[in-house]
Amino acid sequence: MHKEKFKDVYAGVFVLAVGLVLFAASFSVPKGAAVSIGSDFMPKVTCGLMAVLGGIITWNGNIQAKKYNENNKNQTEEKKHYKELAASIAALFVYMILLVPVGFVIMTTVYITVQSWILSPKEKKNPVKFFMIGAVASAVIYYIFRNIFVLMLPAGILGF
């Protein structure tokens, strides 16, 4: 089936197009005068990376499409992960809702821990490892935004 063969190419082109459109739109974000890195910096970086990753997905999709074999389709049928998708979306919404009242450090640690649990295979679930990764990532991100970008993140119940 043609659609199955080129699904990664379609997804990559979509991500590439959205990334480029958003990158172009990020030039309309006003640059702040108070800091050396303005508020336009992160949208440009994020959208630029999105476009680059879309290009990589498209490139890899083309390579996979050339190797695609209709006869082997049933042998390599992938499992659909609808439960994991729904759980990931729910976790993201809970994170967004509780981010300001609870705070960035706590909610980001919890979110990374929960998201890692959702996405990991059953035999590799390690809550202590997931929590440590979440705590370290949260602290590093908070430090970078607070001290390098001089941007405030929601303090929440910790108050810092």
Side-chain angles (χ1 to χ4, degrees), residues 1-31 37-99 104-105 107-145 148-149 151 153-154:
M1 176 185 238
H2 186 267
K3 180 180 172 185
E4 188 71 25
K5 182 177 180 177
F6 291 102
K7 68 180 181 180
D8 285 343
V9 175
Y10 298 145
V13 168
F14 176 76
V15 171
L16 175 64
V18 170
L20 290 174
V21 168
L22 291 176
F23 183 76
S26 71
F27 285 95
S28 66
V29 175
K31 184 174 183 174
I37 298 175
S39 58
D40 63 335
F41 176 73
M42 282 309 290
K44 288 177 183 169
V45 170
T46 305
C47 297
L49 285 174
M50 185 177 179
V52 168
L53 291 175
I56 292 169
I57 292 169
T58 304
W59 179 269
N60 287 335
N62 277 323
I63 292 170
Q64 291 302 318
K66 290 176 184 173
K67 295 178 183 177
Y68 187 81
N69 185 351
E70 289 287 335
N71 297 331
N72 293 336
K73 180 186 171 203
N74 293 333
Q75 295 174 0
T76 61
E77 192 70 30
E78 292 182 14
K79 179 186 169 198
K80 304 295 183 198
H81 298 280
Y82 295 121
K83 290 180 185 175
E84 291 85 351
L85 176 63
S88 293
I89 291 171
L92 184 60
F93 276 108
V94 169
Y95 175 74
M96 290 187 315
I97 291 167
L98 296 178
L99 181 62
F104 177 82
V105 175
M107 281 312 301
T108 302
T109 301
V110 170
Y111 175 74
I112 291 173
T113 303
V114 169
Q115 192 64 49
S116 299
W117 183 269
I118 291 168
L119 295 177
S120 67
K122 289 180 183 176
E123 62 275 359
K124 294 195 177 189
K125 290 191 186 296
N126 185 344
V128 175
K129 179 180 173 183
F130 297 157
F131 177 79
M132 295 304 295
I133 291 169
V136 170
S138 175
V140 169
I141 293 167
Y142 184 82
Y143 177 82
I144 290 170
F145 272 80
I148 296 173
F149 296 150
L151 295 172
L153 294 170

message: Using the salt bridge (charged side-chain N to carboxylate O under 4.0 Å, His left out) criterion, which residues pair with K129? Sequence neighbours excluded.
response: none

- prompt: When rounded to the nearest 0.5 angstrom, what distance separates OG in S120 from NZ in K125?
  reply: 3.5 Å

- request: Could you tell me the separation between the CG atom of L99 and the CE atom of M107, rounded to the nearest 0.5 Å?
  value: 7.0 Å

field: Closest heavy-atom pair and its distance - T58, G12
entry: OG1-C, 2.9 Å

Gap between atom CD1 of I89 and atom CG of L85 - 0.5 Å precision: 4.0 Å

- line: Separation between CG (L16) and CG (L20), nearest 0.5 Å, reads 4.5 Å

message: Please determine whether the number of non-hydrogen atoms from other residues, nucleotides or ligands lying under 6.0 Å from atom CE of M132 exceeds 12.
response: no

message: Can you pull out every ring pair (Phe, Tyr, Trp, His ring centres under 6.0 Å) where at least one residue sits in residues 79-99? Sequence neighbours excluded, please.
response: Y95-Y111

Side-chain donor or acceptor of T46 paired with backbone N/O of P43 under 3.5 Å: no

Separation between CD1 of I133 and CG of N126, rounded to the nearest 0.5 Å: 8.5 Å

field: Inter-residue atom distance F131.CZ - T109.OG1, 0.5 Å rounding
entry: 6.0 Å

- request: State, to 0.1 Å, how close Q115 and S88 come at their nearest heavy-atom pair, and which atoms those are.
  value: NE2-OG, 2.7 Å

Distance-minimising heavy-atom pair for G61 and D8: CA-CB, 3.8 Å

message: Below 30° counts as parallel, above 60° as perpendicular, anything between as tilted: where do the rings of F6 and Y10 land?
response: tilted

- prompt: Side chain of S26, backbone of F23: donor and acceptor closer than 3.5 Å?
  reply: yes

- prompt: Where do I112 and G134 come nearest, in terms of heavy atoms and distance?
  reply: CG2-CA, 3.5 Å

query: Considering all heavy atoms of both residues, which atom of C47 and which atom of L22 are nearest to each other, and what is their separation?
result: SG-CB, 3.4 Å

statement: In terms of heavy-atom contacts, S138 and V105 come closest through OG-O, 3.0 Å

